[in-house]
Amino acid sequence: MLEKACGAPPGSATELRKIGQLLAVYVTDPHHHYRFPTWQFLSDGRPIPQFAEILGILRELGPYLDKNGRTTGWGEVEWFLAPHVLLEDRPPSDLLPHNPQAVLDAALVEYTQE
């Protein structure tokens with residue numbers, strides 16, 4: 001279903017998740033599987049162009065990967081859903097469709113501050 005929504009061939013969402021270009025959260029109830037938050041997609045189902053770069057910053061510089069370089073995705077989802085001071089206290093997920101560059105800039109400022 002998601003692959004169709006993305007406008008991509010079956011299996012593409014899984015591949016994009018595996019290479020870090022889409023965010024999916026791991027759920028275990030009732031079965032083990034991944035869920036893809038809808039706010040990372042444009043209205044036509046394609047991923048937001050800057051999304052992979054934003055996700056890469058969170059994972060490279062943020063605290064979201066375990067010692068083996070894996071994630072369940074839940075930490076990243078929390079970042080996207082929490083109000084962010086650099087985005088006028090709006091959650092990054094709210095701004096993604098309209099101003100993904102602002103979200104990218106907020107991630108860069110937050111995780112490249114010394």
Side-chain angles (χ1 to χ4, degrees):
M1 179 169 86
L2 176 67
E3 288 81 2
K4 186 173 185 174
C6 288
S12 293
T14 297
E15 293 305 313
L16 291 173
R17 176 190 60 79
K18 287 180 180 179
I19 61 173
Q21 293 188 1
L22 280 181
L23 174 61
V25 292
Y26 188 68
V27 293
T28 59
D29 190 33
H31 305 287
H32 297 259
H33 61 285
Y34 288 93
R35 295 274 176 124
F36 295 82
T38 58
W39 35 256
Q40 64 189 317
F41 300 101
L42 297 168
S43 60
D44 65 4
R46 292 178 296 126
I48 292 172
Q50 293 94 331
F51 190 81
E53 187 175 359
I54 297 164
L55 188 57
I57 290 165
L58 296 180
R59 289 184 172 165
E60 182 180 337
L61 303 173
Y64 303 106
L65 300 180
D66 68 14
K67 64 182 179 182
N68 297 314
R70 295 178 304 197
T71 179
T72 62
W74 289 105
E76 296 93 319
V77 165
E78 184 177 346
W79 187 87
F80 280 103
L81 295 179
H84 200 288
V85 68
L86 297 174
L87 301 171
E88 300 177 352
D89 288 326
R90 294 178 63 193
S93 61
D94 284 359
L95 291 174
L96 272 172
H98 311 290
N99 195 354
Q101 188 62 47
V103 177
L104 175 59
D105 292 345
L108 283 169
V109 169
E110 180 174 349
Y111 289 110
T112 59
Q113 293 292 319
E114 295 186 19

Discussion item. Please determine whether residues Tyr111 and Leu81 belong to a single hydrophobic cluster, defined as Ile, Leu, Val, Met, Phe, Trp and Tyr linked transitively by side-chain heavy-atom distances below 4.5 Å.
Written reply: yes
Worksheet item: Which atom pair, heavy atoms only, marks the closest approach of Ala82 to Pro92?
Response: O-CD, 3.2 Å
Worksheet item: Just how far is it from atom OG1 of Thr14 to atom CD1 of Ile19, taken to the nearest 0.5 Å?
Response: 11.5 Å
Worksheet item: Does Phe80 share a hydrophobic cluster with Leu42, counting links as ILVMFWY side-chain heavy atoms below 4.5 Å and allowing steps through other members?
Response: yes
Fill in: Hphob cluster co-occupancy, Leu65 + Trp79, side-chain heavy atoms under 4.5 angstrom
no
Worksheet item: Can you name the side chain to side chain contact (heavy atoms under 4.5 Å, CB included) partners of Glu60, sequence neighbours left out?
Response: none
Discussion item. Main chain of Arg70, side chain of Asn68: is a donor-acceptor contact present, judged purely on distance under 3.5 Å?
Written reply: no
Practice prompt. Please answer: with hydrophobic residues joined when any side-chain heavy atoms are less than 4.5 Å apart, are Trp74 and Leu22 in the same cluster?
Written response: no
Worksheet item: Between CG of Leu16 and CZ of Phe36, what distance do you get to the nearest 0.5 Å?
Response: 8.0 Å
Item to complete: For Ser93, enumerate each residue passing the side-chain hydrogen bond (donor to acceptor under 3.5 Å, both in side chains) test, keeping only those at least two apart in sequence or located in another chain.
Response: none
Worksheet entry | Chi angles and distances behind the side chain to side chain contact (heavy atoms under 4.5 Å, CB included) call for Leu104, Ile57 | CA-CA 9 Å; Leu104 175 59; Ile57 290 165; 3.4 Å; yes
Worksheet, complete the sentence: d(Tyr64 OH, Leu55 CG) to nearest 0.5 Å is 10.5 Å
Worksheet, complete the sentence: Exactly one candidate in Arg35, Gln40, Arg17 meets side chain to side chain contact (heavy atoms under 4.5 Å, CB included) with Leu23; the answer is Gln40
Worksheet, complete the sentence: To the nearest 0.5 Å, atom CD of Glu76 lies from atom OG1 of Thr71 at 3.5 Å
Discussion item. Checking Tyr26 now: which residues fulfil ring pair (Phe, Tyr, Trp, His ring centres under 6.0 Å) with it, not counting sequence neighbours?
Written reply: His32, Tyr34
Worksheet entry | Interatomic distance, Glu88 atom CD to Asp94 atom CG [nearest 0.5 angstrom] | 12.0 Å
Practice prompt. Can you establish whether the number of heavy atoms outside Gln101 located under 6.0 Å from its atom CD is more than 12?
Written response: yes
Worksheet entry | Nearest non-hydrogen partners of Pro100 and Ile54, listed with the distance | O-CD1, 3.9 Å
Worksheet item: So do the side chains of Leu96 and Phe41 get within less than 4.5 Å of each other, counting heavy atoms only?
Response: no
Worksheet item: Atom OG1 in Thr112, atom CG in Leu61: separation rounded to 0.5 Å?
Response: 7.5 Å
Worksheet item: Taking a hydrophobic cluster as the set of Ile, Leu, Val, Met, Phe, Trp and Tyr residues connected by side-chain heavy atoms closer than 4.5 Å, whether directly or through intermediates, do Ile48 and Leu58 fall within one such cluster?
Response: yes
Response to the item:
Between Pro37 and Ala24 the two heavy atoms that sit nearest each other are CD-CA, 4.3 Å
